[in-house]
Amino acid sequence: MQSSLFPDPATDHPLLQGLNPEQRRAVTTTRGPLLVLAGAGSGKTRVITHRIAWLIEQERVSPWQILAMTFTNKAAGEMKERVIHTVGEQAKDVWLGTFHKIGVRMLQQMATQAGLRAGFSIYDTDDQVRTISRVMKALNLSDATYKPKQFAQFIDKCKNRLQLPDDPKLLDSVESDFDKKAIAVYAAYEAEMRTADAVDFGDLIMRPTIVLAQNPGLRQNWSNRFRYVLVDEFQDTNAAQFELLKLLTSEHGNLCVVGDDDQSIYSWRGAEVGNILGFPEMFPNTTTIKLERNYRSTGHILAASTAVVSHNRNRHGKVLWTESGEGELLVLHVAQNERDEADWVARTLDQLRTAGTSASQMAVFYRTNAQSRVLEESMRRFRLPYILIGGQRFYERAEVKDALSWLRLLVNPQDSAGWERAIHAPRRGIGDATVELVAQRARARGISLPEAADDLLLLNQAGRSAEKLRTFQNLLRGLRDGIEGLRADTVGAQVLQASGLKAALQADKDPDAQDRLENLGALLAAMAEHADTADDPSLRGFLEQVALVADTDKLGDGAKVSMMTMHSAKGLEFDVAVVVGLEEGILPHANSVAESGDGRSLEEERRLLYVAMTRARKRLFLAHARSRRRFGGPEMQADPSRFLSQIPEERIRVEGGRSSSQSWTQAGSWSQASSWSGSTASRNGSWSQRPQSPGSFPARPRPSAQEEPVFQRGDPDSPYQPGTRVRHASFGGGTILEADGYGSDARLTVRFDTVGVKKLVARFVQVQA
DNA sequence: ATTGCTAGGTTTTTT
DNA sequence: ACCTAGCAAT
């Protein structure tokens with residue numbers, strides 16, 4: 001929209017300076033439903049922050065009437081900072097946070113209606129699983145037929161869809177023994193959660209949504225309070241979140257959602273791409289704006305990633321373009337094995353650093369956290385500073401969780417999961433027998449574990465360990481009484497002292513004990529920082545933050561290479577990005593290839609690669625290894641990812657791939673003899689060609705050839721070695737015991753995890769890379 | 001009740 | 001290779 005032709009006083013507004021016409025429209029279209037399809041690197045965050053600023057400055061909306069939802073704390077923090085920078089301190093009143101954080105705040109304000117007390121606990125996945133185990137025991141389901149985790153997943157799924165255990169639709173959908181039992185577990189679990197005054201992650205969305213849905217007055221109040229609602233990463237919302245948004249905007253319809261269907265990578269967590277694909281149908285008078293100009297990446301990077309994702313059928317379809325130059329070609333490195341790959345990553349990044357790129361502008365992305373270990377070793381060997389994002393989290397360490405369970409018990413005396421943990425931390429001569437006694441009492445009376453413990457003590461039925469139990473309960477009560485008005489970190493220090501956690505670690509001869517002690521020190525430091533800086537400096541506020549914040553927000557401090565999974569990469573950008581492990585079985589992950597043959601999970605894997613690739617501004621490196629060790633087992637051959645062949649050859653340079661290892665040469669493997677060994681694309685035009693069909697690179701690879709690798713090799717090279725993990729369509733996963741014969745006709749003896757030993761022909765199983 | 005050992009599972013991704 | 005739950009030994 002040329003401003004000269006359509007003079008608009010608002011065009012000159014400083015907030016619109018430097019925005020392109022589409023971005024301006026997205027900022028200034030404040031009324032009604034708005035869908036912004038924002039391609040990777042199209043200035044999405046800029047649009048959102050300017051839009052908030054626009055609402056406040058131009059349209060005179062009070063900051064507290066604006067609600068902005070994000071998925072990660074990182075995104076929320078960045079956004080808040082930028083809005084504050086633009087409109088000043090008043091921006092602090094904008095409700096800006098993750099869905100879960102907003103959910104907590106809503107629940108706190110509607111605690112009564114939600115049947116909760118003010119100090120309710122937020123259970124993490126671990127607490128959830130433990131609670132389910134306890135429930136399973138009560139229902140006599142704790143044989144090994146189903147694992148607590150399976151039920152946990154089931155419950156999450158229900159909550160993502162707003163289905164309570166008595167939901168008629170849920171009851172109708174029972175198809176299997178598992179479903180039936182899962183619903184029973186779900187119902188008992190919910191009852192248990194109520195006694196403990198606890199909610200899980202799913203509840204943080206589901207509960208406020210249900211309260212609003214069932215309470216028209218409240219719904220009106222909340223919807224009138226937030227006149228403008230914005231959502232980032234909308235492609236990752238689930239059904240419950242969308243419903244919450246509808247309720248919150250029911251009075252005015254001012255809902256602005258921003259997202260990119262090509263970056264939808266959380267369907268396994270209940271996200272519905274349909275929310276963004278079907279948004280205009282859901283809100284008939286939706287304005288749709290596409291942001292297709294990419295400001296981030298070079299031409300080669302953009303073209304390569306676009307080519308990959310365009311193989312997906314289920315998408316809106318955008319055409320990203322850029323005015324920046326083509327830049328450097330992508331580089332694909334073919335490594336011998338994972339260690340070789342990791343060394344190459346470190347060497348490459350080291351060279352770039354020497355050439356002047358700051359390590360803080362470099363990132364390495366992988367599919368699974370397990371891949372990080374080798375990379376770490378190489379980074380250390382090359383003395384490259386790095387920071388691991390995600391993975392083993394500080395707040396998930398045993399000693400930290402122990403301390404946190406005490407703290408939780410102080411805020412919420414009914415916290416059963418916390419009690420179950422604290423009673424053994426440190427060991428105090430109370431064993432499983434006593435805990436089981438308490439659990440039975442709790443079950444019988446429908447009360448929490450700590451209540452049941454008091455109950456038993458009162459009745460003198462606490463068994464042999466009664467006195468120890470009494471001491472423990474009194475200790476808790478004493479601590480709780482003494483903390484009124486104290487700083488969170490002061491309370492923390494008292495707890496570490498009084499609980500005996502500190503003393504136990506000091507006395508521990510284990511060489512790791514010192515580290516654990518230091519972790520507890522770090523916990524106190526975090527509490528002190530929280531007490532000094534947070535909006536809600538209370539202990540409760542601290543615990544809430546711990547529950548909702550993964551400590552991945554230390555990005556960019558110090559000159560360190562960031563290493564993370566492709567999932568946590570979303571929303572970030574770096575000058576240099578390296579994507580490793582581009583192999584069948586890893587990306588796409590074996591589980592995504594096997595399950596549900598409709599290709600949806602495969603498309604999600606492709607989007608995952610797309611997200612990773614589009615993080616790069618200037619240089620993009622890809623790598624895969626010819627063989628890889630998994631589970632510490634033997635090195636196993638790995639095929640290059642099918643996605644690699646979808647990158648146009650003229651945008652990428654292949655390097656490495658020449659064997660230095662004797663064993664490889666001797667094995668005479670096909671990859672050795674194939675085009676892979678060249679440093680450039682081979683004559684037939686494809687550097688990812690299977691040797692079985694040389695010279696026939698299909699522009700659109702036939703799906704069958706792509707999905708079903710054919711192995712025609714002899715024994716030494718056969719993928720069907722004893723010990724190899726395989727998957728069968730109906731028998732599930734298993735391990736090869738014996739293999740006889742060649743290729744896909746080989747006769748295998750396989751021990752399946754669930755159905756036992758079977759003999760079958762190789763073509764019916766899939767090798768798990 | 002606690003410690004220490006072994007077997008078996010684990011590695012998809014996270015708020 | 002690593003972690004854990006479950007068992008035996010103390």
Side-chain angles (χ1 to χ4, degrees), chain A residues 69-76 97-104 122-126 128-130 133 142 144 147-149 156 159-160 200-205 233 236-238 240-241 264-271 338 365-374 377 389-393 396 398 423-424 426-435 463-465 468 508-510 544-550 552 564-570 581 585-595 601 604-605 607-608 611-612 628-634 725 733 735 751 753-754 768-769:
Chain A
M69 314 264 232
T70 64
F71 269 82
T72 63
N73 297 286
K74 214 156 40 199
T98 63
F99 266 97
H100 292 86
K101 169 93 186 164
I102 300 289
V104 172
I122 301 167
Y123 278 13
D124 65 12
T125 314
D126 190 53
Q128 190 187 24
V129 168
R130 279 164 199 275
S133 299
S142 43
K147 279 180 258 165
K149 257 198 190 146
D156 279 341
K159 292 189 173 183
N160 287 339
D200 57 29
F201 284 129
D203 284 327
L204 294 179
I205 311 296
E233 308 281 11
D236 288 327
T237 49
N238 61 37
Q241 288 163 331
S264 159
I265 53 175
Y266 284 104
S267 72
W268 50 274
R269 208 170 81 184
E338 72 274 10
F365 306 131
Y366 35 81
R367 177 66 233 265
T368 69
N369 276 309
Q371 290 168 260
S372 70
R373 181 165 260 117
V374 226
E377 284 166 13
I389 311 287
Q392 162 73 303
R393 273 168 246 182
E396 280 168 21
I423 199 164
H424 296 302
R427 305 232 154 240
R428 51 171 44 74
I430 301 172
D432 293 339
T434 310
V435 173
R464 249 182 275 285
S465 306
K468 289 172 187 156
D508 196 330
K509 302 180 286 295
D510 190 306
E544 177 194 312
Q545 183 194 301
V546 167
L548 298 180
V549 175
T552 59
M564 68 193 88
T565 64
M566 300 186 189
H567 280 87
S568 19
K570 190 159 60 107
I586 294 184
L587 189 80
H589 195 273
N591 296 354
S592 310
V593 182
E595 80 198 24
S601 43
E604 181 146 317
E605 296 287 299
R607 289 193 293 268
L608 197 49
V611 167
R628 187 175 292 269
R629 190 185 294 275
R630 276 190 117 188
F631 304 133
R725 292 289 299 171
T735 307
R751 186 178 59 226
D753 304 336
T754 48
Q768 310 257 282

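In what follows, every chain begins at residue 1, and chains take the letters A, B, ... in the order their sequences are listed.
Taking atom CG of residue N591(A) and atom P of nucleotide dT10(B), one finds them 11 Å apart after rounding to whole Å. Nucleotide dT15(B) holds its P atom 6 Å from the CZ atom of R269(A), rounded to whole Å. One interatomic measurement links the two molecules: NZ of K147(A) to P of dT11(B), which rounds to 9 Å at whole-angstrom precision. The interatomic distance linking Q545(A) (CD) with dT15(B) (P) rounds to 13 Å, in whole Å. When the P atom of dT14(B) is taken as reference, atom CG of D124(A) falls 15 Å away, rounded to whole Å. The interatomic distance linking E377(A) (CD) with dC2(C) (P) rounds to 9 Å, in whole Å. The distance between atom CG of L608(A) and atom C1' of dT12(B), rounded to the nearest whole Å, is 9 Å. In this structure, R630(A) atom CZ and dG9(B) atom P are separated by 17 Å, rounded to whole Å.
Nearest to the side-chain atoms of S592(A) among the listed nucleotides dT15(B), dT12(B), dT13(B) stands dT12(B). Side-chain proximity of W268(A) to dT15(B), dT11(B), dT13(B): nearest is dT13(B). Side-chain proximity of H567(A) to dT13(B), dT12(B), dA1(B): nearest is dT13(B). Distance from the side chain of T565(A) is smallest for dT14(B) among the nucleotides dT14(B), dT12(B), dT15(B). Taking the side chain of H589(A) as heavy atoms from C-beta on, and the options dA1(B), dT12(B), dT2(B), the nearest nucleotide is dT12(B). With dT15(B), dT3(B), dT11(B) as the choices, the nucleotide that has an atom nearest any side-chain atom of R427(A) turns out to be dT3(B).
No engagement by I265(A) is indicated, since no non-hydrogen atom pair under 4.0 Å with the nucleic acid exists. The residue K570(A) sits apart from the nucleic acid: no heavy atom pair falls under 4.0 Å. Residue R629(A) is out of contact with every strand shown, counting any heavy-atom pair closer than 4.0 Å. At the heavy-atom level, Y266(A) lies under 4.0 Å from the strands shown only through sugar-phosphate atoms. T434(A) comes within 4.0 angstrom of sugar-phosphate atoms only, judged by non-hydrogen atoms across all strands, and of no base. Residue contacts shown for R607(A) are absent, as no nucleic acid heavy atom lies under 4.0 Å away.
Side-chain contact between T565(A) and Y366(A) is present, with heavy atoms from C-beta onward closer than 4.5 Å. Residues K149(A) and V129(A) have side chains in contact (heavy-atom distance under 4.5 Å, counting atoms from C-beta outward).
dT13(B) sits 15 Å from dT4(C) when the P atoms are compared, rounded to a whole Å.
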Using nucleotides 4-10 of chain C, report all nitrogen or oxygen pairs with the protein that are shorter than 3.5 Å.
none

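Evaluation of the side-chain hydrogen bond (donor to acceptor under 3.5 Å, both in side chains) rule for R130(A) yields D126(A) as partners, not counting sequence neighbours. Looking at residues two or more places apart in sequence or on another chain, you find a ring pair (Phe, Tyr, Trp, His ring centres under 6.0 Å) between F99(A) and F71(A). Listed by chain and residue number, S267(A), R607(A) satisfy the side-chain hydrogen bond (donor to acceptor under 3.5 Å, both in side chains) test with E604(A) (two or more places apart in sequence, or in another chain). Not a single side-chain hydrogen bond (donor to acceptor under 3.5 Å, both in side chains) links T98(A) to another residue, sequence neighbours left out.
Side chain of H567(A) to backbone of I265(A): a donor-acceptor contact under 3.5 angstrom is found.
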query = Dot-bracket for DNA chain B, 5' to 3', counting Watson-Crick or G-U wobble pairs under 3.5 Å, with [ ] for crossing pairs and | for inter-strand pairs?
reply = ||||||||||.....
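A close approach under 4.0 Å does not occur between any side-chain nitrogen or oxygen of N369(A) and OP1 or OP2 of dT10(B).
Annotation: the span from H589(A) atom NE2 to R367(A) atom CZ amounts to 6.0 Å, rounded to 0.5 Å.
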